[in-house]
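Since the structure comes first, as structure tokens, the remarks are kept for the end.
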Number of protein chains: 2
Amino acid sequence: MKKKIVRIKDIAERAQTSKGTVDRVLHNRGRVADDVRERILAIIKELNYEPNLIAQSLKSQRAFNLAALIPDPNLDSYWEAPHNGLEKAEKELRQYGVHITKFIFNSHSETSFIAKAKEVGREHPDGLLIAPIFYKEALPFFKEWADMGIPYVLFNTQIEHVNPLCYIGQDSYRSGSLAAKILRFGLHSPGTVLVAHVNEDISNSAHLITKEEGFRNYFKGEQLDDTFKVISKEINFPEEEGLDKQLDELRKQYPDLGAVYVTNSKAFEVAAYLEKNALKDIKLVGYDLIGPNQQYLNKGIIDFLINQNPLGQGYWGIHQLANHLIFKKEIPAIKFLPLDIITKENLDYYLDPQ
Amino acid sequence: MKKKIVRIKDIAERAQTSKGTVDRVLHNRGRVADDVRERILAIIKELNYEPNLIAQSLKSQRAFNLAALIPDPNLDSYWEAPHNGLEKAEKELRQYGVHITKFIFNSHSETSFIAKAKEVGREHPDGLLIAPIFYKEALPFFKEWADMGIPYVLFNTQIEHVNPLCYIGQDSYRSGSLAAKILRFGLHSPGTVLVAHVNEDISNSAHLITKEEGFRNYFKGEQLDDTFKVISKEINFPEEEGLDKQLDELRKQYPDLGAVYVTNSKAFEVAAYLEKNALKDIKLVGYDLIGPNQQYLNKGIIDFLINQNPLGQGYWGIHQLANHLIFKKEIPAIKFLPLDIITKENLDYYLDPQ
DNA sequence: TTTAAAAAAGTGTTCGAGCACGCAATGTAA
DNA sequence: TTACATTGCGTGCTCGAACACTTTTTTAAA
């Protein structure tokens, strides 16, 4: 009844040879006579040998230096969570010799990204996790890393055709559709729906466009085109100014504004405006559980947040590298993280996943 | 810069003693002179020693026989997911010597539960995971297992004061509040809201009452008492009959019925009724991603499902036992799983978590 | 002071896989 | 025939923790 664990030694005994020879067959090293090799391979199959990962990693003691190229959390608190995810994964994998070096760049500065990306190359890590938020600037490096044989995992921002080991993040299109579904559920009367890209350089972030597409197509697909008018707007403003003017104007133009969908983590900016102007009936959906967003969620001004699970992105990113490098597992090219819907009542559970 | 891995040997050298003595201090076995013990403890703290789990489990090679007392998935497909979770955890932990024996009972038969519970005792497992859906019948066994020194983890149904190692599942009260929040968001005009307990023996399942409380109190707390009238009803019916009559009658009594909250996984029964009668405007929220529910979710008749994450419950249940038995970790008395909000657009991600 | 018992501390083997080392058998050239 | 390279394969140490076993030291009794 019990499954006996098959060891190299067992195989060796059965094949009337030594564990050294079995080892050579298993790892294709050294030379082994053909007949012996085949005998051993047959026995391995027959006994369904699986190497004992525990013993394996105890012995090998190999160090795996992973690099993470990721924005500075002090400049945009969204990035705190991926950092935490990285650290959580590092803790779990330290046993297996994993060590992560962070290369932190300024999310508002392409040059700092380039500088750090160059540093990564010089370090020759065994694997790389990268948030490629600068599309154009990142492109040349992918080739460089590929040439150096460094496997890289993308997260947060999906880039096609750069042949990463894996992409980890959300399906932006679906994400937009989901936001649309939620807002539509809460919309009680015909009106205008705003897609707001707040303080973001649209030209360099394709995923926001994809979100908008998903959002618009939901309304089209449900044949709600004539009930709800979807408009979109880039709202950029310097820190000290705020977005009041722009939204005032927008409301003048569309007095029947019923809902706002903020495509990034800046929903709290819109929420502040809604609160100030006591606009209780305008529904609001945004992204990410950063502090200010949580506050407005608890106040009921932001109705729902969609969680991009940034912690999970960092965590799984490292784990995928480990699965590839250490455990030699097959890695799916894309790992979509769930689109979690968060509201006041279930917020807690998503804040600190054990 | 590199974190050196601290070994027992390192501690021994620093304390000018042998690894045997350090071992005795670590495991409180044998006798150690007080001054030496303290010296060693200080060094352990100072160097922040963490035992190498890999080496640990390689050596110990101990078998852990866990038992799972859980309903038959063939009689209620809700239970398929916990079974899968169990198996997933077993696979991951096989390396550590974990083996699970399932004791499957009939979820409609108390006597079958009792019979299987007795069997568990006879097997003397090292740990037990149990879905105690029969409150009264389960009670005496907890004492028995405690006397035998078998740690048990409860899941799915929370029972107070039986001193389990841990409860894993949802916060029922919150769950009810969440359902209320969602329905309220979608309710466009004043009306009646129904809490439906479908085919469930309320007297033996306190958690459904708790859900209802959470639901009702949401409406009270938000001072929506006069806008929405919350009523609740037990809807029991034999397989061949259906619930049509009962709902027909209910609608006659409350023509302004605007939403239904089904407190268990039977939302599809209500959905079938709504579909048959083309009642598009009645919002519907229920639980669990079982097949029929998914179908009505995709059709848009069920608006949202709350995921009780039954797979996760099985998975984490086993993992908590392993954490306790194998890794000697501290276990929280309650592990609440997230209240996931599921709709057509994000359903996929919750179906088969890798 | 001797001696036995109890207490404290040290030694060495084991788990399974990885891998360095080295031995033996055969082949090849001077 | 000697010298030495090549091929094929076996041996034995290592990783860190567990634990059985042995040795040394302390304490108490004779």
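Chain A is the first sequence line, chain B the second, and so forth, proteins listed ahead of strands; every chain is numbered from 1. Computed from heavy atoms alone, side chains included, the values below leave out hydrogens, waters and symmetry copies.
For the pair B/Ser18 and C/dT11, the criterion of a side-chain N or O lying under 4.0 Å from OP1 or OP2 is not met. Within the 4.0 Å cut-off from OP1 or OP2 of C/dC19, at least one side-chain nitrogen or oxygen of A/Arg29 is found. Side-chain nitrogen and oxygen atoms of B/Tyr49 include at least one within less than 4.0 Å of the OP1 or OP2 phosphate oxygen of D/dA17. Side-chain N/O atoms of A/Thr17 include one lying less than 4.0 angstrom from OP1 or OP2 on D/dG10. Taking 4.0 angstrom as the limit, A/His27 places none of its side-chain polar atoms (N or O) nearer than this to OP1 or OP2 of C/dC19.
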**Request:** Apply side chain to side chain donor-acceptor pair (under 3.5 Å) to B/Tyr78 and B/Asn156, showing your working.
**Result:** CA-CA 11 Å; B/Tyr78 170 72; B/Asn156 190 72; 2.7 Å; yes
**Prompt:** How far apart are the C-alpha atoms of B/Tyr152 and B/Phe142, what are their side-chain angles, what is the distance that settles it, and do they pass the ring-ring contact (aromatic ring centres under 6.0 Å, His included) test?
**Reply:** CA-CA 8 Å; B/Tyr152 45 91; B/Phe142 291 119; 5.2 Å; yes
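The nucleotide whose nearest atom lies closest to any side-chain atom of B/Gln56 is, among D/dA17, C/dG18, D/dC9, D/dA17. In the set C/dG18, C/dG16, D/dA17, D/dA17 carries the atom at the smallest distance from any side-chain atom of B/Asn52. The listed nucleotides are C/dA9, D/dC9, C/dG16; the one nearest the side chain of A/Leu58 is C/dG16. Between D/dA17, C/dG18, C/dG10, one nucleotide has an atom nearer to the side chain of A/Lys59 than all others, and that is C/dG18.
Remark: C1' of D/dT7 and CG of A/Asp34 are 12 Å apart, rounded to the nearest angstrom. Distance, B/Leu26 CG to D/dA17 C1': 10 Å, rounded to whole Å. Protein atom CD1 of A/Ile44 is 11 Å distant from nucleotide atom P of C/dA17, rounded to whole Å. Per the geometry, CD1 belonging to A/Ile54 stands 10 Å off C1' belonging to C/dC15, to the nearest Å. In this entry the distance linking CG of B/Leu53 with P of D/dA17 reads 10 Å, nearest Å. Going from atom CG of B/Asn28 over to atom P of D/dA18 covers 13 Å, rounded to whole Å. Look at CD1 on B/Ile11: it is 17 Å from C1' on C/dG10, rounded to the nearest Å. One can place CZ of A/Arg24 at 16 Å from P of C/dA17, the figure rounded to the nearest angstrom.
Taking only distance into account, the side chain of B/Arg31 never meets the base of C/dA9 through a donor-acceptor pair shorter than 3.5 Å. In this model, a side-chain donor or acceptor of A/Lys19 finds a partner on the base of D/dG12 within 3.5 Å. Between the base of D/dG8 and the side chain of A/Arg37 there is no donor-acceptor pair shorter than 3.5 Å.
With B/Val98 as the fixed residue, the side chain to side chain contact (heavy atoms under 4.5 Å, CB included) test singles out one of B/Asn65, B/Leu321, B/Leu93: B/Leu93.
Residues passing the ring pair (Phe, Tyr, Trp, His ring centres under 6.0 Å) test with A/Phe113, sequence neighbours excluded: A/Phe105, A/Phe134.
Residue A/Ile8 is in sugar-phosphate contact alone, with no base atom involved, counting any heavy-atom pair closer than 4.0 Å across all strands shown. Within 4.0 Å of A/Ser57, counting heavy atoms only, lies no atom of the nucleic acid at all.
Once rounded to the nearest 0.5 Å, the distance linking CE of A/Met148 with CZ of A/Arg122 reads 10.5 Å.
In this structure, A/Lys116 is not positioned above the aromatic face of A/Phe103 in the sense of NZ or CZ being under 6.0 Å from the six-membered ring centre and within 45° of the axis.
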